[in-house]
Amino acid sequence: MTGLRARQKADRNRRILEAATTLFREQGYDSARIEDIAEMAEVSVGTLYNYYQNKGDVLVATVSMEVTEVLEAGERIVANPPPNVNEALGALINQYYDHSLVYLSKEMWRTAMASAIQQPETPLSKRYTELDARLCAQVVQLIETLQRRGVIIAGVETRALGEVFFNNLNMMFIEFCKHESMPLEELKARVAEQNRPIAELISSVKRVGIPRKS
């Protein structure tokens with residue numbers, strides 16, 4: 001019985017988030033009403049408020065759902081990355097970017113970021129920060145994997161390097177969200193261009209595939 005209640009609760013939560021993302025996209029975040037989200041999700045307004053205190057909480061929860069799925073997909077890339085630093089980075093980062101607009105629009109991302117900053121002590125804002133940290137840790141894990149496989153030169157501080165790559169991809173994503181007209185492919189191309197010289201510096205092999213002499 002406990003398992004059934006848990007599944008029902010998870011199903012209601014999923015319906016709420018799916019309804020919210022649909023209405024946020026169709027009507028805009030500011031115009032979408034809690035009552036309409038509840039109606040589309042086929043729950044009462046009171047039930048919705050049992051899950052979330054306000055519309056901002058619903059939005060940050062949607063971000064959490066998106067990032068959780070991205071992390072799961074990223075695990076497969078980290079476990080078996082391409083044998084080239086820049087290609088491996090591109091595979092992981094592009095996975096993040098390609099999924100970023102599945103549930104949320106640029107407007108929704110901007111609102112979620114602002115909500116997380118303006119209400120840093122709320123549980124869902126802390127969840128947003130936690131997920132950001134997990135994405136960063138996954139990039140670090142990728143760098144560690146490449147170094148263990150001999151793709152990255154020994155002695156490179158993997159944690160610091162992974163954080164640099166993550167901070168840049170995160171900053172560039174913010175710029176992408178700020179400019180409504182910027183296409184996703186431009187974002188991916190710019191980040192790849194920025195990562196390329198660093199990737200070449202830390203690579204244990206030359207671009208033609210000949211090992212460097214010590």
Side-chain angles (χ1 to χ4, degrees), residues 60-104 106 109 112-113 116-117 120 125-179 182-214:
V60 175
T62 305
V63 174
S64 297
M65 179 174 66
E66 188 274 329
V67 175
T68 298
E69 291 184 7
V70 162
L71 284 165
E72 291 173 356
E75 288 176 0
R76 294 188 289 273
I77 296 172
V78 171
N80 188 30
N84 172 283
V85 179
N86 205 44
E87 290 178 6
L89 281 168
L92 185 62
I93 293 171
N94 289 345
Q95 173 67 41
Y96 294 169
Y97 288 162
D98 285 338
H99 201 290
S100 65
L101 300 180
V102 169
Y103 297 123
L104 293 91
K106 288 188 180 184
W109 273 111
M113 292 172 190
I117 293 170
S125 179
K126 291 179 179 179
R127 174 63 172 162
Y128 184 99
T129 302
E130 175 202 342
L131 289 166
D132 231 21
R134 288 180 62 190
L135 285 168
C136 183
Q138 190 169 72
V139 177
V140 171
Q141 187 181 4
L142 174 67
I143 300 301
E144 291 171 344
T145 299
L146 293 173
Q147 190 179 62
R148 285 197 303 271
R149 296 186 177 189
V151 178
I152 290 177
I153 57 177
V156 169
E157 175 49 60
T158 54
R159 181 186 60 79
L161 187 60
E163 289 174 353
V164 167
F165 284 126
F166 174 77
N167 289 339
N168 184 62
L169 76 88
N170 201 28
M171 183 274 292
M172 290 300 295
F173 182 69
I174 292 172
E175 288 298 307
F176 168 71
C177 291
K178 285 165 58 179
H179 296 87
M182 182 188 292
L184 190 60
E185 290 307 313
E186 180 180 340
L187 168 67
K188 290 157 67 174
R190 289 177 62 181
V191 172
E193 183 179 6
Q194 293 163 356
N195 286 342
R196 187 173 296 109
I198 303 175
E200 290 177 0
L201 284 173
I202 64 174
S203 177
S204 62
V205 294
K206 294 181 180 179
R207 295 183 66 184
V208 295
I210 302 174
R212 288 181 177 145
K213 294 180 179 180
S214 58

Roughly how far, to the nearest 0.5 Å, is [atom2] of [Y] from [atom1] of [X]?
X: Arg134; Y: Gln141; atom1: CZ; atom2: CD; result: 11.0 Å
X: Leu187; Y: Ile93; atom1: CG; atom2: CD1; result: 9.5 Å
X: Gln147; Y: Thr158; atom1: CD; atom2: OG1; result: 5.5 Å
X: Ile202; Y: Glu157; atom1: CD1; atom2: CD; result: 12.0 Å
X: Met113; Y: Cys177; atom1: CE; atom2: SG; result: 4.0 Å
X: Asn80; Y: Glu75; atom1: CG; atom2: CD; result: 14.0 Å

Kindly say whether [Y] contributes a backbone atom to a donor-acceptor pair with the side chain of [X] at under 3.5 angstrom?
X: Gln95; Y: Val70; result: no
X: Ser203; Y: Ile152; result: no
X: Lys106; Y: Lys178; result: no
X: Trp109; Y: Phe176; result: no
X: Asn170; Y: Phe166; result: no
X: Ser204; Y: Ile153; result: no

Query - N-O pairing of Glu193 and Arg190 below 4.0 Å - result: no
Query raised in the report: Between Arg159 and Glu163, is the closest basic N to carboxylate O distance under 4.0 Å?
Result: yes
Query - Stepwise side chain to side chain contact (heavy atoms under 4.5 Å, CB included) test for Leu161 and Ile198 - result: CA-CA 9 Å; Leu161 187 60; Ile198 303 175; 4.0 Å; yes
Over all atoms of both residues, closest heavy-atom pair of [X] and [Y]:
X: Leu184; Y: Ser100; value: CD1-OG, 4.5 Å
X: Ala199; Y: Val85; value: CB-CG1, 3.6 Å
X: Leu169; Y: Tyr97; value: O-OH, 2.8 Å
X: Lys188; Y: Glu185; value: NZ-OE2, 3.2 Å
X: Glu72; Y: Arg76; value: O-NH1, 3.8 Å

Query raised in the report: Any side-chain donor paired with an acceptor under 3.5 Å for Tyr96 and Gln138?
Result: yes
**Report entry** Distance-only polar pair, side chains of Glu200 and Asn86, donor-acceptor under 3.5 Å
**Finding:** no
Are [X] and [Y] close enough that some pair of their side-chain heavy atoms sits under 4.5 Å apart?
X: Phe165; Y: Leu142; result: no
X: Leu146; Y: Asn84; result: no
X: Pro81; Y: Leu92; result: no
X: Gln194; Y: Asn168; result: yes
X: Ser64; Y: Tyr128; result: no
X: Leu135; Y: Leu131; result: no
X: His99; Y: Val102; result: yes
X: Pro120; Y: Lys126; result: no

Report task. Show your working on side chain to side chain contact (heavy atoms under 4.5 Å, CB included) between Leu89 and Ile143 and close with a plain yes or no. Result -> CA-CA 9 Å; Leu89 281 168; Ile143 300 301; 4.1 Å; yes
